[in-house]
Amino acid sequence: MSDSTPVFNDRNTGKSKLINPTLVLNCGSSSIKYALISEDESTRITGLAENLGLDTARIKHTTLNGEKLEITIPGGRHELALQKILALLEQYHFVAVGHRVVHGGREYSKAVRVDQHVLDEVKRLKILAPLHNPANALGIEAVEAIYPDIPQVVVFDTAFHQTMPPVAYRYPIPKALYEEEKIRRYGFHGTSHAYVSERASEITDAKGPHGWLTAHLGNGCSATAVYNGESLDTSMGLTPLEGLMMGTRSGDVDPSLHIHLKRKLGMSLEEIDTMLNSESGLLGISGLSNDLRTIEQAANEGHKDAQLAIEMFCYRVGKYLASLSCALPDFTGIVFTGGIGENSATTRARILDVMRHFGIKFNAEKNDDLVGGAEGSFQDEGSSIELWVIPTDEECQIAKETCQALGLK
Ligand code: ADP
(Lines give C-alpha, C1' and ligand atoms only; values in the text may rest on other atoms or scores of the structure.)
Protein backbone atom coordinates (compact mmCIF):
# COMPACT_ATOMS: atom_id res chain seq x y z
CA MET A 1 0.00 0.00 0.00
CA SER A 2 1.23 3.47 -0.84
CA ASP A 3 1.74 6.09 1.84
CA SER A 4 0.25 8.89 -0.21
CA THR A 5 -3.35 9.91 0.40
CA PRO A 6 -5.30 8.37 -2.44
CA VAL A 7 -8.17 10.28 -3.99
CA PHE A 8 -10.38 8.50 -6.46
CA ASN A 9 -12.57 10.10 -9.02
CA ASP A 10 -15.99 8.76 -9.67
CA ARG A 11 -16.27 8.07 -13.38
CA ASN A 12 -19.67 9.71 -13.68
CA THR A 13 -19.53 12.72 -11.39
CA GLY A 14 -15.80 13.40 -11.23
CA LYS A 15 -16.19 14.13 -7.49
CA SER A 16 -13.48 12.89 -5.21
CA LYS A 17 -14.56 9.94 -3.13
CA LEU A 18 -13.39 7.34 -0.67
CA ILE A 19 -10.60 9.32 0.93
CA ASN A 20 -8.65 7.29 3.50
CA PRO A 21 -11.33 4.61 3.64
CA THR A 22 -11.75 2.11 6.46
CA LEU A 23 -12.76 -1.43 5.59
CA VAL A 24 -15.47 -2.78 7.90
CA LEU A 25 -15.75 -6.57 8.01
CA ASN A 26 -18.50 -8.60 9.62
CA CYS A 27 -17.43 -12.24 9.26
CA GLY A 28 -20.21 -14.63 10.24
CA SER A 29 -20.46 -18.42 10.15
CA SER A 30 -22.00 -18.51 6.66
CA SER A 31 -21.64 -14.95 5.38
CA ILE A 32 -19.24 -12.00 5.27
CA LYS A 33 -20.65 -8.49 5.07
CA TYR A 34 -18.26 -5.71 4.15
CA ALA A 35 -18.27 -1.97 3.67
CA LEU A 36 -15.57 0.42 2.61
CA ILE A 37 -16.29 3.80 4.18
CA SER A 38 -14.55 7.07 3.38
CA GLU A 39 -12.99 9.16 6.13
CA ASP A 40 -15.85 11.68 6.09
CA GLU A 41 -18.40 8.80 6.13
CA SER A 42 -20.11 10.20 3.01
CA THR A 43 -19.27 7.41 0.56
CA ARG A 44 -19.20 3.67 0.79
CA ILE A 45 -18.90 0.51 -1.21
CA THR A 46 -20.74 -2.47 0.23
CA GLY A 47 -21.02 -6.15 -0.49
CA LEU A 48 -21.86 -9.55 0.86
CA ALA A 49 -20.40 -13.03 0.54
CA GLU A 50 -23.17 -15.53 1.22
CA ASN A 51 -23.78 -19.30 1.37
CA LEU A 52 -20.25 -19.85 2.65
CA GLY A 53 -19.48 -23.52 3.23
CA LEU A 54 -21.68 -24.48 0.26
CA ASP A 55 -21.04 -24.88 -3.46
CA THR A 56 -23.45 -22.00 -4.12
CA ALA A 57 -21.19 -19.53 -2.26
CA ARG A 58 -20.87 -16.18 -4.05
CA ILE A 59 -20.00 -12.53 -3.53
CA LYS A 60 -22.52 -9.84 -4.40
CA HIS A 61 -20.58 -6.64 -4.91
CA THR A 62 -21.66 -3.13 -5.91
CA THR A 63 -18.93 -0.96 -7.40
CA LEU A 64 -18.44 2.72 -6.67
CA ASN A 65 -20.43 3.65 -9.76
CA GLY A 66 -23.31 1.32 -8.99
CA GLU A 67 -22.36 -1.64 -11.17
CA LYS A 68 -23.46 -4.99 -9.66
CA LEU A 69 -21.09 -7.93 -9.78
CA GLU A 70 -21.53 -11.56 -8.75
CA ILE A 71 -18.45 -13.65 -8.13
CA THR A 72 -18.53 -17.37 -7.39
CA ILE A 73 -16.38 -18.86 -4.61
CA PRO A 74 -15.52 -22.43 -5.67
CA GLY A 75 -15.62 -24.68 -2.59
CA GLY A 76 -17.17 -21.86 -0.53
CA ARG A 77 -14.23 -21.47 1.88
CA HIS A 78 -14.13 -18.37 4.13
CA GLU A 79 -10.45 -17.72 3.38
CA LEU A 80 -11.02 -17.72 -0.38
CA ALA A 81 -14.06 -15.44 -0.04
CA LEU A 82 -11.97 -12.98 1.98
CA GLN A 83 -9.11 -13.11 -0.51
CA LYS A 84 -11.54 -12.25 -3.31
CA ILE A 85 -13.16 -9.44 -1.32
CA LEU A 86 -9.76 -7.95 -0.48
CA ALA A 87 -8.72 -8.20 -4.14
CA LEU A 88 -11.89 -6.30 -5.18
CA LEU A 89 -11.17 -3.52 -2.70
CA GLU A 90 -7.39 -3.28 -2.95
CA GLN A 91 -7.53 -0.48 -5.52
CA TYR A 92 -9.12 1.85 -2.93
CA HIS A 93 -6.13 1.70 -0.58
CA PHE A 94 -7.96 1.26 2.72
CA VAL A 95 -5.99 2.54 5.68
CA ALA A 96 -7.49 0.41 8.45
CA VAL A 97 -9.74 -2.60 8.95
CA GLY A 98 -12.47 -2.71 11.63
CA HIS A 99 -13.96 -6.09 12.52
CA ARG A 100 -17.29 -6.64 14.16
CA VAL A 101 -16.65 -9.21 16.89
CA VAL A 102 -19.64 -10.58 18.76
CA HIS A 103 -18.19 -11.35 22.19
CA GLY A 104 -15.60 -9.37 24.12
CA GLY A 105 -16.44 -10.97 27.48
CA ARG A 106 -15.89 -8.72 30.48
CA GLU A 107 -12.36 -7.93 29.31
CA TYR A 108 -13.26 -5.40 26.63
CA SER A 109 -15.26 -2.24 27.18
CA LYS A 110 -14.18 -0.52 23.97
CA ALA A 111 -12.70 -1.15 20.54
CA VAL A 112 -9.03 -2.17 20.56
CA ARG A 113 -6.22 -2.54 18.04
CA VAL A 114 -5.48 -6.15 17.18
CA ASP A 115 -2.26 -7.75 18.40
CA GLN A 116 -1.49 -11.38 19.14
CA HIS A 117 -2.97 -11.14 22.66
CA VAL A 118 -6.24 -9.61 21.39
CA LEU A 119 -6.52 -12.27 18.68
CA ASP A 120 -5.96 -15.02 21.27
CA GLU A 121 -8.67 -13.47 23.47
CA VAL A 122 -11.17 -13.35 20.58
CA LYS A 123 -10.51 -17.05 20.03
CA ARG A 124 -10.68 -17.90 23.75
CA LEU A 125 -14.05 -16.17 24.06
CA LYS A 126 -15.51 -18.69 21.63
CA ILE A 127 -16.79 -20.43 24.76
CA LEU A 128 -19.31 -17.55 25.02
CA ALA A 129 -20.07 -17.19 21.27
CA PRO A 130 -19.31 -20.52 19.58
CA LEU A 131 -20.88 -19.64 16.23
CA HIS A 132 -19.48 -16.14 15.88
CA ASN A 133 -16.08 -15.52 17.49
CA PRO A 134 -14.23 -18.24 15.49
CA ALA A 135 -15.48 -16.75 12.19
CA ASN A 136 -14.52 -13.25 13.41
CA ALA A 137 -10.99 -14.51 14.25
CA LEU A 138 -10.68 -16.10 10.82
CA GLY A 139 -11.35 -12.70 9.23
CA ILE A 140 -8.60 -11.06 11.29
CA GLU A 141 -6.09 -13.75 10.31
CA ALA A 142 -6.99 -13.59 6.62
CA VAL A 143 -6.39 -9.83 6.51
CA GLU A 144 -3.17 -10.18 8.53
CA ALA A 145 -1.86 -12.79 6.05
CA ILE A 146 -2.36 -10.50 3.05
CA TYR A 147 -1.81 -7.04 4.57
CA PRO A 148 0.42 -7.44 7.64
CA ASP A 149 1.07 -3.68 7.74
CA ILE A 150 -2.53 -2.47 7.82
CA PRO A 151 -3.76 -1.83 11.37
CA GLN A 152 -6.78 -3.87 12.42
CA VAL A 153 -9.28 -3.09 15.18
CA VAL A 154 -11.93 -5.24 16.83
CA VAL A 155 -15.25 -3.64 17.75
CA PHE A 156 -17.20 -5.82 20.17
CA ASP A 157 -20.98 -6.19 20.18
CA THR A 158 -20.86 -6.53 23.96
CA ALA A 159 -18.48 -3.63 24.75
CA PHE A 160 -21.09 -0.85 24.93
CA HIS A 161 -22.90 -2.71 27.73
CA GLN A 162 -19.84 -3.00 29.97
CA THR A 163 -21.05 0.14 31.79
CA MET A 164 -24.01 -1.81 33.23
CA PRO A 165 -23.91 -1.95 37.03
CA PRO A 166 -23.84 -5.34 38.83
CA VAL A 167 -27.50 -4.94 39.77
CA ALA A 168 -28.29 -5.18 36.05
CA TYR A 169 -25.65 -7.63 34.85
CA ARG A 170 -25.67 -10.28 37.59
CA TYR A 171 -28.08 -13.22 37.60
CA PRO A 172 -29.53 -14.21 40.97
CA ILE A 173 -27.67 -17.54 41.01
CA PRO A 174 -24.75 -18.77 43.19
CA LYS A 175 -21.90 -16.25 43.02
CA ALA A 176 -19.24 -18.85 42.21
CA LEU A 177 -20.81 -19.17 38.76
CA TYR A 178 -20.07 -15.51 38.17
CA GLU A 179 -16.66 -15.43 39.79
CA GLU A 180 -15.33 -18.67 38.33
CA GLU A 181 -17.35 -19.14 35.14
CA LYS A 182 -18.16 -15.51 34.18
CA ILE A 183 -21.87 -16.30 34.02
CA ARG A 184 -23.48 -12.86 33.83
CA ARG A 185 -25.49 -10.71 31.48
CA TYR A 186 -23.37 -9.19 28.67
CA GLY A 187 -25.88 -7.73 26.19
CA PHE A 188 -25.45 -7.52 22.42
CA HIS A 189 -26.23 -5.19 19.47
CA GLY A 190 -23.99 -2.70 21.31
CA THR A 191 -22.80 -1.00 18.12
CA SER A 192 -26.37 -0.26 17.06
CA HIS A 193 -27.51 0.94 20.51
CA ALA A 194 -24.41 3.15 20.74
CA TYR A 195 -24.99 4.61 17.26
CA VAL A 196 -28.69 5.46 17.62
CA SER A 197 -28.44 6.78 21.18
CA GLU A 198 -25.48 9.02 20.24
CA ARG A 199 -27.36 10.19 17.18
CA ALA A 200 -30.50 10.93 19.23
CA SER A 201 -28.48 13.02 21.70
CA GLU A 202 -26.78 14.79 18.79
CA ILE A 203 -30.00 15.65 16.93
CA THR A 204 -31.85 16.77 20.03
CA ASP A 205 -28.77 18.63 21.22
CA ALA A 206 -29.29 17.04 24.66
CA LYS A 207 -26.94 18.92 26.95
CA GLY A 208 -28.31 18.06 30.39
CA PRO A 209 -28.99 14.57 31.74
CA HIS A 210 -30.79 12.48 29.15
CA GLY A 211 -32.00 8.92 29.04
CA TRP A 212 -33.06 6.95 25.98
CA LEU A 213 -34.66 3.58 25.58
CA THR A 214 -33.31 2.24 22.30
CA ALA A 215 -35.34 -0.52 20.66
CA HIS A 216 -33.38 -2.41 17.99
CA LEU A 217 -36.07 -4.48 16.30
CA GLY A 218 -34.76 -6.55 13.39
CA ASN A 219 -34.49 -10.28 12.98
CA GLY A 220 -32.68 -10.17 16.29
CA CYS A 221 -34.28 -7.77 18.77
CA SER A 222 -33.01 -6.04 21.89
CA ALA A 223 -33.73 -2.94 23.94
CA THR A 224 -31.31 -0.86 26.00
CA ALA A 225 -31.56 1.87 28.63
CA VAL A 226 -28.89 4.48 27.78
CA TYR A 227 -28.24 7.31 30.24
CA ASN A 228 -25.86 10.14 29.29
CA GLY A 229 -24.30 7.87 26.68
CA GLU A 230 -23.85 4.81 28.93
CA SER A 231 -25.74 1.53 28.77
CA LEU A 232 -27.34 0.93 32.18
CA ASP A 233 -29.37 -2.17 31.32
CA THR A 234 -30.29 -4.19 28.26
CA SER A 235 -32.62 -7.03 27.35
CA MET A 236 -30.13 -9.61 25.99
CA GLY A 237 -28.06 -11.52 28.52
CA LEU A 238 -25.34 -14.17 28.60
CA THR A 239 -26.44 -15.02 25.07
CA PRO A 240 -28.60 -13.18 22.51
CA LEU A 241 -31.53 -15.49 23.37
CA GLU A 242 -32.64 -13.57 26.46
CA GLY A 243 -35.15 -10.75 26.33
CA LEU A 244 -37.51 -9.79 23.54
CA MET A 245 -39.40 -12.11 21.20
CA MET A 246 -37.50 -12.12 17.88
CA GLY A 247 -37.74 -13.48 14.33
CA THR A 248 -36.90 -17.08 15.24
CA ARG A 249 -35.75 -16.71 18.88
CA SER A 250 -38.14 -17.04 21.79
CA GLY A 251 -36.64 -14.42 24.10
CA ASP A 252 -37.58 -14.92 27.77
CA VAL A 253 -39.17 -18.22 28.74
CA ASP A 254 -39.40 -20.00 32.08
CA PRO A 255 -35.90 -21.41 32.75
CA SER A 256 -37.61 -24.63 33.88
CA LEU A 257 -38.90 -25.18 30.36
CA HIS A 258 -35.72 -27.15 29.60
CA ILE A 259 -36.21 -29.71 32.36
CA HIS A 260 -39.92 -29.96 31.62
CA LEU A 261 -39.35 -30.69 27.92
CA LYS A 262 -36.64 -33.18 28.76
CA ARG A 263 -38.87 -35.05 31.21
CA LYS A 264 -42.07 -34.84 29.17
CA LEU A 265 -40.80 -35.23 25.58
CA GLY A 266 -37.29 -36.63 26.09
CA MET A 267 -35.80 -33.70 24.18
CA SER A 268 -32.02 -33.22 24.45
CA LEU A 269 -30.52 -29.87 25.51
CA GLU A 270 -29.27 -29.37 21.93
CA GLU A 271 -32.76 -29.95 20.52
CA ILE A 272 -34.27 -27.49 23.00
CA ASP A 273 -31.55 -24.94 22.18
CA THR A 274 -32.27 -25.26 18.44
CA MET A 275 -36.01 -24.98 19.05
CA LEU A 276 -35.63 -21.79 21.14
CA ASN A 277 -33.12 -20.17 18.76
CA SER A 278 -34.38 -21.20 15.32
CA GLU A 279 -38.01 -22.33 15.51
CA SER A 280 -39.61 -19.89 17.95
CA GLY A 281 -40.43 -16.17 18.04
CA LEU A 282 -42.51 -14.73 15.19
CA LEU A 283 -41.94 -17.92 13.19
CA GLY A 284 -42.97 -20.24 16.01
CA ILE A 285 -46.19 -18.40 16.86
CA SER A 286 -47.32 -17.55 13.31
CA GLY A 287 -46.28 -20.92 11.87
CA LEU A 288 -45.62 -18.92 8.67
CA SER A 289 -42.38 -16.98 8.64
CA ASN A 290 -39.86 -14.98 10.66
CA ASP A 291 -40.40 -12.06 8.27
CA LEU A 292 -42.77 -9.48 9.72
CA ARG A 293 -43.89 -8.37 6.24
CA THR A 294 -45.26 -11.85 5.48
CA ILE A 295 -46.92 -12.02 8.90
CA GLU A 296 -48.48 -8.55 8.60
CA GLN A 297 -49.97 -9.48 5.23
CA ALA A 298 -51.40 -12.74 6.58
CA ALA A 299 -52.77 -10.94 9.67
CA ASN A 300 -54.55 -8.43 7.42
CA GLU A 301 -56.14 -11.35 5.60
CA GLY A 302 -57.47 -12.72 8.91
CA HIS A 303 -54.80 -15.33 9.79
CA LYS A 304 -55.33 -15.76 13.57
CA ASP A 305 -51.85 -17.06 14.43
CA ALA A 306 -50.26 -14.21 12.47
CA GLN A 307 -52.41 -11.73 14.42
CA LEU A 308 -51.36 -13.32 17.73
CA ALA A 309 -47.67 -13.29 16.71
CA ILE A 310 -47.82 -9.51 16.11
CA GLU A 311 -49.75 -8.85 19.32
CA MET A 312 -47.33 -10.93 21.38
CA PHE A 313 -44.31 -9.28 19.75
CA CYS A 314 -45.59 -5.78 20.51
CA TYR A 315 -46.80 -6.65 24.01
CA ARG A 316 -43.42 -8.11 24.92
CA VAL A 317 -41.50 -5.11 23.52
CA GLY A 318 -43.79 -2.66 25.36
CA LYS A 319 -43.53 -4.62 28.62
CA TYR A 320 -39.72 -4.73 28.34
CA LEU A 321 -39.41 -1.03 27.54
CA ALA A 322 -41.61 -0.22 30.53
CA SER A 323 -39.42 -2.28 32.84
CA LEU A 324 -36.15 -0.95 31.36
CA SER A 325 -37.36 2.60 32.00
CA CYS A 326 -36.71 1.84 35.70
CA ALA A 327 -32.97 1.91 34.92
CA LEU A 328 -33.16 5.55 33.76
CA PRO A 329 -32.96 8.44 36.24
CA ASP A 330 -34.45 10.63 33.46
CA PHE A 331 -36.63 9.29 30.67
CA THR A 332 -36.13 11.51 27.60
CA GLY A 333 -37.54 9.25 24.93
CA ILE A 334 -37.67 6.06 22.90
CA VAL A 335 -35.64 5.45 19.74
CA PHE A 336 -36.85 2.80 17.28
CA THR A 337 -34.40 1.18 14.87
CA GLY A 338 -33.68 -2.07 12.94
CA GLY A 339 -35.70 -3.43 9.99
CA ILE A 340 -38.97 -3.54 11.98
CA GLY A 341 -38.35 -0.43 14.09
CA GLU A 342 -37.49 1.63 10.99
CA ASN A 343 -40.26 0.36 8.72
CA SER A 344 -43.35 -0.85 10.54
CA ALA A 345 -45.37 2.15 11.75
CA THR A 346 -48.17 -0.15 12.93
CA THR A 347 -45.75 -2.12 15.13
CA ARG A 348 -44.47 1.12 16.68
CA ALA A 349 -48.03 2.29 17.33
CA ARG A 350 -49.00 -1.02 18.97
CA ILE A 351 -45.92 -1.01 21.19
CA LEU A 352 -46.70 2.51 22.37
CA ASP A 353 -50.27 1.46 23.03
CA VAL A 354 -48.96 -1.21 25.44
CA MET A 355 -47.20 1.65 27.29
CA ARG A 356 -50.33 3.81 27.45
CA HIS A 357 -49.92 4.64 31.18
CA PHE A 358 -46.75 6.61 30.44
CA GLY A 359 -48.56 9.66 29.08
CA ILE A 360 -47.12 9.11 25.60
CA LYS A 361 -48.80 10.97 22.75
CA PHE A 362 -47.82 10.39 19.15
CA ASN A 363 -48.75 11.89 15.82
CA ALA A 364 -50.15 9.05 13.66
CA GLU A 365 -49.40 10.81 10.37
CA LYS A 366 -45.79 11.53 11.30
CA ASN A 367 -45.42 7.93 12.50
CA ASP A 368 -46.76 6.63 9.18
CA ASP A 369 -44.31 8.82 7.24
CA LEU A 370 -41.27 7.51 9.10
CA VAL A 371 -40.49 4.44 6.98
CA GLY A 372 -37.91 3.32 4.43
CA GLY A 373 -34.82 4.88 5.99
CA ALA A 374 -36.39 8.16 7.14
CA GLU A 375 -35.14 9.74 10.35
CA GLY A 376 -37.37 11.88 12.55
CA SER A 377 -39.49 12.30 15.65
CA PHE A 378 -43.22 11.63 15.93
CA GLN A 379 -44.33 12.63 19.43
CA ASP A 380 -47.33 14.91 19.68
CA GLU A 381 -47.67 18.03 21.76
CA GLY A 382 -48.06 17.21 25.45
CA SER A 383 -46.30 13.84 25.17
CA SER A 384 -44.40 12.86 28.33
CA ILE A 385 -41.42 11.67 26.25
CA GLU A 386 -39.90 12.07 22.78
CA LEU A 387 -40.32 9.40 20.12
CA TRP A 388 -37.72 8.89 17.41
CA VAL A 389 -37.06 6.66 14.44
CA ILE A 390 -33.32 6.59 13.69
CA PRO A 391 -32.04 4.17 11.03
CA THR A 392 -29.12 2.28 12.50
CA ASP A 393 -25.70 2.34 10.82
CA GLU A 394 -23.51 -0.26 12.45
CA GLU A 395 -20.88 -0.06 9.69
CA CYS A 396 -20.46 3.67 10.20
CA GLN A 397 -20.15 3.19 13.97
CA ILE A 398 -17.53 0.44 13.51
CA ALA A 399 -15.55 2.65 11.09
CA LYS A 400 -15.72 5.53 13.58
CA GLU A 401 -14.61 3.41 16.55
CA THR A 402 -11.83 1.87 14.43
CA CYS A 403 -10.43 5.30 13.59
CA GLN A 404 -10.76 6.41 17.23
CA ALA A 405 -8.92 3.31 18.49
CA LEU A 406 -6.08 4.07 16.06
CA GLY A 407 -5.98 7.76 16.93
CA LEU A 408 -6.98 8.70 13.37
CA LYS A 409 -9.93 10.82 14.58
P1 ADP B 1 -31.21 -8.26 10.83
O2 ADP B 1 -31.44 -8.35 12.30
O3 ADP B 1 -31.04 -9.61 10.18
O4 ADP B 1 -30.18 -7.24 10.41
P5 ADP B 1 -33.16 -6.36 9.81
O6 ADP B 1 -32.75 -5.28 10.75
O7 ADP B 1 -32.93 -6.17 8.36
O8 ADP B 1 -32.59 -7.78 10.24
O9 ADP B 1 -34.73 -6.61 10.04
C10 ADP B 1 -35.41 -7.65 9.44
C11 ADP B 1 -36.88 -7.53 9.85
O12 ADP B 1 -37.40 -6.26 9.42
C13 ADP B 1 -37.77 -8.60 9.20
O14 ADP B 1 -38.69 -9.11 10.16
C15 ADP B 1 -38.52 -7.81 8.16
O16 ADP B 1 -39.77 -8.35 7.91
C17 ADP B 1 -38.66 -6.46 8.83
N18 ADP B 1 -39.00 -5.42 7.85
C19 ADP B 1 -38.20 -4.91 6.89
N20 ADP B 1 -38.91 -4.04 6.13
C21 ADP B 1 -40.18 -4.01 6.64
C22 ADP B 1 -41.38 -3.32 6.31
N23 ADP B 1 -41.43 -2.46 5.29
N24 ADP B 1 -42.48 -3.54 7.06
C25 ADP B 1 -42.44 -4.40 8.09
N26 ADP B 1 -41.35 -5.08 8.45
C27 ADP B 1 -40.23 -4.90 7.74
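Given the structure is predicted, the values throughout are model-derived calculations rather than measurements. Each ligand, and each atom within it, is numbered from 1 in the order the structure gives.
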Side-chain donor-acceptor pairs of residues 314-321 under 3.5 Å, sequence neighbours excluded:
residue: R316; atom: NH1; partner: D252; partner atom: O; Å: 3.0
residue: Y320; atom: OH; partner: D252; partner atom: OD2; Å: 2.9

Which pairs of donor and acceptor atoms, one on a side chain in residues 238-249, lie under 3.5 Å apart (sequence neighbours left out)?
residue: T239; atom: OG1; partner: L241; partner atom: N; Å: 3.1
residue: E242; atom: OE1; partner: Y171; partner atom: OH; Å: 2.5
residue: E242; atom: OE2; partner: R185; partner atom: NE; Å: 3.0
residue: E242; atom: OE2; partner: R185; partner atom: NH2; Å: 3.4
residue: T248; atom: OG1; partner: N277; partner atom: O; Å: 2.8
residue: R249; atom: NH1; partner: P240; partner atom: O; Å: 3.2

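Aromatic pair Y186/H161: ring centres not closer than 6.0 Å. Side-chain rings of F336 and H216 stay apart, their centers remaining 6.0 Å or farther from each other.
Judged by distance alone, with hydrogens and angles left aside, the side-chain atoms of S383 form no donor-acceptor pair with the main-chain N or O of E386 at under 3.5 Å.
Taking S38 as the reference, L18, D40, S42, T43 meet the side-chain contact (heavy atoms from CB on, under 4.5 Å) condition, with sequence neighbours excluded.
Using a 4.0 Å heavy-atom criterion, the residues that approach ligand 1 are G218, N219, G220, N290, D291, L292, R293, E296, G338, G339, I340, N343, S344.
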